[in-house]
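This report concerns only the one structure given below.
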Amino acid sequence: MNVRIRFAKYGAVKFIGHLDVMRYFQKAVRRAGLKIAYSQGFHPHQIMSFASPLGVGITSEGEYMDMELTTEYTPKEIVDRLNEAMVEGFTVLSCRILPESLNGRKRETAMSLVTAADYLVFKKQSNDCRISENGKELRSEWARFYGQRNIPVVKKVKKSNTETSIDLKPFLYGTDYYEVAESDAMTEITPHIAGTDYYELETIPDFTGELKELYKRNDWFYVPLRVSAGSADNIKPELVMEAFALFLGCEDTDSLHWQIHRLDMYTGEAPELKRL
């Protein structure tokens, strides 16, 4: 059976890189006693794949992992077993049994399906950048920034060690303000329906609660983002905030000035998106 796990990464483990997260889950699956399938060959490895890797320092409640199991389990049993094996900083939120592939076709993994992602971005209060501390002023500037017809940026390509100029605007699918007391979802996107093939924790922890309280009390700048993601047009929220800092006339565009939290990832074409 093939399943898709959604999990959260928060707290101190936000500083753990993607390769270490992969190694951690390989060990957690063994501790949980789940019978996972292994690849063939001289160096067999667990058949497990992750969706878009999360940058170091970014928290999330929308991480996805696919794995193939050799024994039948209920989604609830998988969630419960994994959470018993988790350390603080990781929480498994849901599990979905994936349908069997048709006509012998190769199954599409979560990594290949990702096309968009939602983020919350908070401005940290203590930094050396010349960005205003006035939340109302920053919201006004953000409206001007996002209202531009074009948002040109220079994107660095790690593999080829080159830079390319792109227009961000077509890859920003949504950004707007709302009261932090309301739902974190920018819009409702086809949810999975609970049943025998899907299980989700009844109560999802509020992973951004502390930041929201500080935002309300101190009038921080705070904005939700929905951006293009995946292998084709992958736009990181750090790049968007770098462009915003330059728009404000700040030469110090270090991403450490922002606390970023990923809410969820989606597949499909905007605006017709579906949750992974």
Taking the side chain as every heavy atom from C-beta outward, state whether [X] and [Y] have any atom pair closer than 4.5 Å.
{"X": "Met265", "Y": "Glu63", "result": "yes"}
{"X": "Gln259", "Y": "Thr59", "result": "yes"}
{"X": "Phe122", "Y": "Lys212", "result": "yes"}
{"X": "Cys250", "Y": "His257", "result": "no"}
{"X": "Met67", "Y": "Ile47", "result": "no"}
{"X": "Leu201", "Y": "Thr91", "result": "yes"}
{"X": "Gln26", "Y": "Ile36", "result": "no"}

* Passing option when Trp258 is tested against Val223, Val240, Val121 for side-chain contact (heavy atoms from CB on, under 4.5 Å) ->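 It is Val121, the one option of Val223, Val240, Val121 that forms the side-chain contact (heavy atoms from CB on, under 4.5 Å) with Trp258.
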
* Do you know which of Asp66, Leu113, Leu98 makes side-chain contact (heavy atoms from CB on, under 4.5 Å) with Glu108? ->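 Of all the options given, the one that passes is Leu113.
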
* Lys76 charged N/C atom sitting above Tyr199 aromatic ring, 6.0 Å / 45° -> yes

* When you measure from the side chain of Lys169 to the backbone N and O of Gln148, does any donor-acceptor pair fall under 3.5 Å? -> yes

* Asked: What closest approach, in Å, do Val114 and Ala51 show between heavy atoms, and which atom pair accounts for it?
  ->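 Residues Val114 and Ala51, closest heavy atoms: CG2-CB, 3.9 Å.
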
* Structure fact -> Between Val154 and Ser165, the two heavy atoms sitting closest are CG2-OG, 4.2 Å

* So if you build clusters from Ile, Leu, Val, Met, Phe, Trp, Tyr with side-chain heavy-atom gaps below 4.5 Å, do Tyr64 and Leu263 land together? -> no

* **Transitive ILVMFWY side-chain link Phe50 to Leu69, under 4.5 Å** =>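 Per the 4.5 Å side-chain linkage, Phe50 and Leu69 are co-clustered.
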
* To do: For Glu141 and Arg144, run salt bridge (charged side-chain N to carboxylate O under 4.0 Å, His left out): C-alpha distance rounded to whole Å, both residues' side-chain angles, the deciding distance at 0.1 Å, then the answer.
  => CA-CA 5 Å; Glu141 289 299 311; Arg144 289 202 311 119; 2.9 Å; yes

* Asked: Does the ring centre of Tyr266 sit less than 6.0 Å away from the ring centre of Tyr173?
  -> no

